[in-house]
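A quick write-up on the structure given underneath.
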Amino acid sequence: MAKITPISGFPEWLPEQRLIEQQVLDTVRRQFELYGFAPIETRAIEPLDVLLSKGDDKEIYVLQRLHAEDHAEAEFGLHFDITIPFARYVQQHRGQLHFPFKRYQIQKVWRGERPQEGRYREFYQADIDVIGDGELPLAYDAEFPRLIHEIVDKLPIPPLTIGVNNRKLLEGFYRGLGIEDITGTLRIMDKLGKIGVEGVLQQLTDQLGLEPDQAQNCVALGQIRGEDSSFTEEVRALGIEHELLSEGLSELAFVMEACEDLPPGRVGADLSIARGLDYYTGTVYECYLEGHEQVGSVCGGGRYDNLASDAKVKLPGVGISLGVTRILGYLFGRGLLSADRSTPVVVLVALPDEESRLAAMDVARRLRRRGIPADVHHSPQKYGKQIRAAERRGIPYVWFFDPKGEDGHQVRDIRGGQQVPADPDAWTPSEEDFFAG
RNA sequence: GUGGAUGUAGCUCAGCUGGUUAGAGCACCGGAUUGUGGUUCCGGGGGUCGUGGGUUCAAAUCCCAUCAUCCACCCCA
C-alpha cells in the first residue's frame, strides 16, 4: 500500500463514534417518516450543468475516468447538496410521483471548500422537502421548525435555536428603500451576527454604495427578533412600504403563529437571516446549536418556487437540511459527546477453557437467535481479564457457564456486578442495553 | 482557493541558545492474585521527533517544500 495519510476534510470515525452517528441517523429517519416523508436516494453524481445551474461558483469535485482522453472536459461532478439533485429527480419522474411529494434523503455530499472544525469536504446531509404541483400551501413551511425541534429533542445534543425569516419580506423592504442589488444586500446582511452592526454598515456603504440611511434601515430591520407575530409592528414602524414586504410579513407571521405552542426559545423570527443560496423565494430557516453558535449553521433551508419548475409547470417546494456530520464532528471534537461502547455486542460469553469453545458458541447462538447481539471471548483467559475486555469495549454483560454442567449458566451485569443464574433460551437484557434500541 | 498558527510515545505535554543510547504523567502489557474486573505494589514494551529534501563535524532543535490539524477570508451543513 502507498503512504497512509488522512485526507483533509474527509472524516472517518471510530466504531464508537459511528455507532452514535448511526443512532442519530436512525432517529432522524424515523422522525422524517413519522411526518410522512418518503425515502429516496439519488445518484452521487450529476451532470455539471445541473450542478452549476443554481449555484454560481460552487466548489465542485468533478469526476473523470482514468482512461478519459487527455484533455476531455469532465461531464459529471459529485453533488454538493441534495436539493438540486432532488429537483432534477422530480422533473425526471414527475409522471410517477404523487403530489404534494414529500421525500427525505440522507446522503453524503461533497464540497471543495477549505476544511475547518465543523467544515468538511465529505459529510452527511439529512434533507426533507415537499414539492407541490402548481401550488404548495404555506402550511408546509410551518411544519419544518416543529419537525426539526422534535428531532433534536430526541438526540443527545445541545438544543437548537431555529430562526425563521422570509425572503419576500427582505426583498420588499430593500426595494421599498430603493435598493437594486438585492442579492448583494442579502449576502452582506447575512453576516450581521458575525461581523456586527458596524461591519455590516460599512460593507453596505463601501461595497454596494448604499446611502447611509438605506444601510441604517437595513440594519434596523436585521436586528428585529421575535417569538410571536409581534415583529410585524416593529417592521411597520420603520415606515417602508412595498407589496412584497407586506406579503412576506404575513407569510412569516403565519409560520410564527403555527409554531407558537413550541417551548420558548426554540423557534423565533430572526430578520437577519438571509442565506446565501439565491434560489430561495420565501420562508428561510437557519439553526444554530445553542451556546455553540461559532460552529456555524447546523441546519438550514427554505422555500423555492422555481428550482424544480420549468416553463410549463410550476413545482414550488420547501425544505430543510440537517448537518449531521457538522454537529457530531463538533461535539466529538470538544468531548461534549462521547461514546461508551465500541461494539454492538450486549453479551460477551466467557470462555472457560479451550475444550468449551463449541459450548460457548452454542450459548452465543442461542442468544443471537432471540435478537441479542453476542460474542464469545477470543481466548480462555482468566475470568478477570475476560471481564475487563468486556468493560473496555462497553459490553454490559458477561455470560458464564460451567462446562461440566454442574453450576449451570450465570449472567453478570459488569456495570453493577450483580450475577444471577440465567437461561440462554429465556434471559433478556433490558431495552436500554441494546445499543440501537 | 488566499493569508496565518501548529505538528515530539495510544493521549496530554517537557526537551534551554543545534552536542552522547529523546523524557514525564496517564494508557497499555506481564507478575504479586493458576480462571470473576475496575485499589495497591513490582517489572516491561512502545517514538521513522508528520513526511521529504537542505545547511552542519553534529538537527526534534536552523532553512525550504509537502501533508495534516486549527484560525481568518470565502462559503455554508
Side-chain angles (χ1 to χ4, degrees), chain A residues 2-12 14 24 28 55-61 79-83 106-127 148 160 187-188 190-191 193-195 199 203 273-278 280 284-289 294-302 319-330 333-335 348 350-354 356 377 379-403 407 410-419:
Chain A
K3 268 183 246 168
I4 295 176
T5 107
I7 300 176
S8 188
F10 290 75
E12 290 184 320
L14 293 170
V24 168
V28 169
D56 352 74
D57 44 17
K58 288 287 171 195
E59 289 284 359
I60 296 172
Y61 278 103
H79 56 217
F80 55 84
D81 76 4
I82 38 189
T83 306
I106 301 175
Q107 284 182 242
K108 290 247 176 106
V109 303
W110 295 268
R111 294 183 190 175
E113 294 158 5
R114 182 90 124 203
Q116 282 178 29
E117 183 178 42
R119 291 184 55 182
Y120 301 99
R121 290 181 154 178
E122 177 182 68
F123 57 96
Y124 274 110
Q125 214 165 285
D127 263 47
I148 294 295
L160 222 58
R187 204 189 67 241
I188 293 170
D190 201 41
K191 302 184 201 172
K194 198 159 191 178
I195 63 175
Q203 291 197 7
I273 293 170
R275 296 192 56 76
L277 295 170
D278 52 6
Y280 293 118
V284 285
Y285 315 98
E286 187 107 66
C287 317
Y288 292 87
L289 284 176
Q294 73 279 8
V295 221
S297 169
V298 295
C299 170
I320 196 163
S321 164
L322 186 66
V324 175
T325 309
R326 168 170 285 183
I327 294 172
L328 294 182
Y330 174 79
R334 298 300 176 96
L348 182 71
L351 184 62
D353 48 55
E354 204 54 62
S356 304
H377 190 65
S379 67
Q381 295 175 313
K382 291 197 249 184
Y383 282 160
K385 292 195 179 190
Q386 302 200 35
I387 292 171
R388 209 165 56 179
E391 189 194 19
R392 296 250 168 84
R393 285 184 286 170
I395 298 170
Y397 296 96
V398 176
W399 193 279
F400 297 99
F401 67 97
D402 179 3
D407 291 339
Q410 296 195 320
V411 67
R412 180 184 186 83
D413 183 337
I414 63 173
R415 294 162 300 188
Q418 314 89 320
Q419 189 166 324

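Just so we're clear, the structure is a prediction, and the values are computed from it rather than from any experiment. Numbers restart at 1 for each chain; the letters A, B, ... are given by sequence-line order, proteins then strands.
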Indicate, with a heavy-atom threshold strictly under 4.0 Å, whether [X] touches base, sugar-phosphate, or nothing.
X	value
G112(A)	nothing
G329(A)	nothing
T325(A)	nothing

Could you list, one pair per line, each protein nitrogen or oxygen that sits under 3.5 Å from a nitrogen or oxygen of nucleotides 35-40 of chain B, together with the distance?
{"residue": "rG35(B)", "atom": "O2'", "partner": "Y383(A)", "partner atom": "N", "Å": "2.4"}
{"residue": "rG35(B)", "atom": "N7", "partner": "P352(A)", "partner atom": "O", "Å": "3.4"}
{"residue": "rU36(B)", "atom": "O2", "partner": "R412(A)", "partner atom": "NH1", "Å": "3.3"}
{"residue": "rU36(B)", "atom": "O2", "partner": "Q419(A)", "partner atom": "OE1", "Å": "3.1"}
{"residue": "rU36(B)", "atom": "N3", "partner": "Q419(A)", "partner atom": "OE1", "Å": "3.3"}
{"residue": "rU36(B)", "atom": "N3", "partner": "Q419(A)", "partner atom": "NE2", "Å": "3.3"}
{"residue": "rU36(B)", "atom": "O4", "partner": "Q419(A)", "partner atom": "NE2", "Å": "3.4"}
{"residue": "rG37(B)", "atom": "O4'", "partner": "G384(A)", "partner atom": "O", "Å": "3.3"}
{"residue": "rG37(B)", "atom": "O6", "partner": "I414(A)", "partner atom": "O", "Å": "3.2"}
{"residue": "rG37(B)", "atom": "N1", "partner": "I414(A)", "partner atom": "O", "Å": "2.6"}
{"residue": "rG37(B)", "atom": "N2", "partner": "E391(A)", "partner atom": "OE1", "Å": "3.2"}
{"residue": "rG37(B)", "atom": "N2", "partner": "E391(A)", "partner atom": "OE2", "Å": "2.8"}
{"residue": "rG38(B)", "atom": "N2", "partner": "E391(A)", "partner atom": "OE2", "Å": "3.3"}
{"residue": "rG38(B)", "atom": "N3", "partner": "E391(A)", "partner atom": "OE2", "Å": "3.2"}

One should report the stems of RNA chain B, each a stretch of at least three consecutive Watson-Crick or G-U pairs at distances under 3.5 Å, as B:1-7 with B:67-73, B:10-13 with B:23-26, B:28-32 with B:40-44, B:50-54 with B:62-66
Q.
Is Q116(A) close enough to rC70(B) that one of its side-chain N or O atoms is under 4.0 Å from OP1 or OP2 there?
A. no
May I ask you to evaluate whether R275(A) reaches the phosphate of rA77(B), defined as a side-chain N or O under 4.0 Å from OP1 or OP2?
yes
Kindly point out which of [options] is positioned nearest to the side chain of [X]?
X	options	value
R114(A)	rC67(B), rC73(B), rU2(B)	rU2(B)
K194(A)	rC70(B), rA77(B), rC73(B)	rC73(B)
E117(A)	rC71(B), rA68(B), rC75(B)	rC71(B)

Quote, to the nearest angstrom, the P distance that separates rC62(B) from rC16(B).
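Pairwise P distance, rC62(B) against rC16(B), rounds to 9 Å.
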On a whole-Å scale, what distance lies between the P atoms belonging to rG1(B) and rG47(B)? 35 Å
Do we see F123(A) stacking on the base of rA77(B), given a limit of 5.5 Å between centres and 30° between planes?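 Ring-base stacking flag set for F123(A) and rA77(B).
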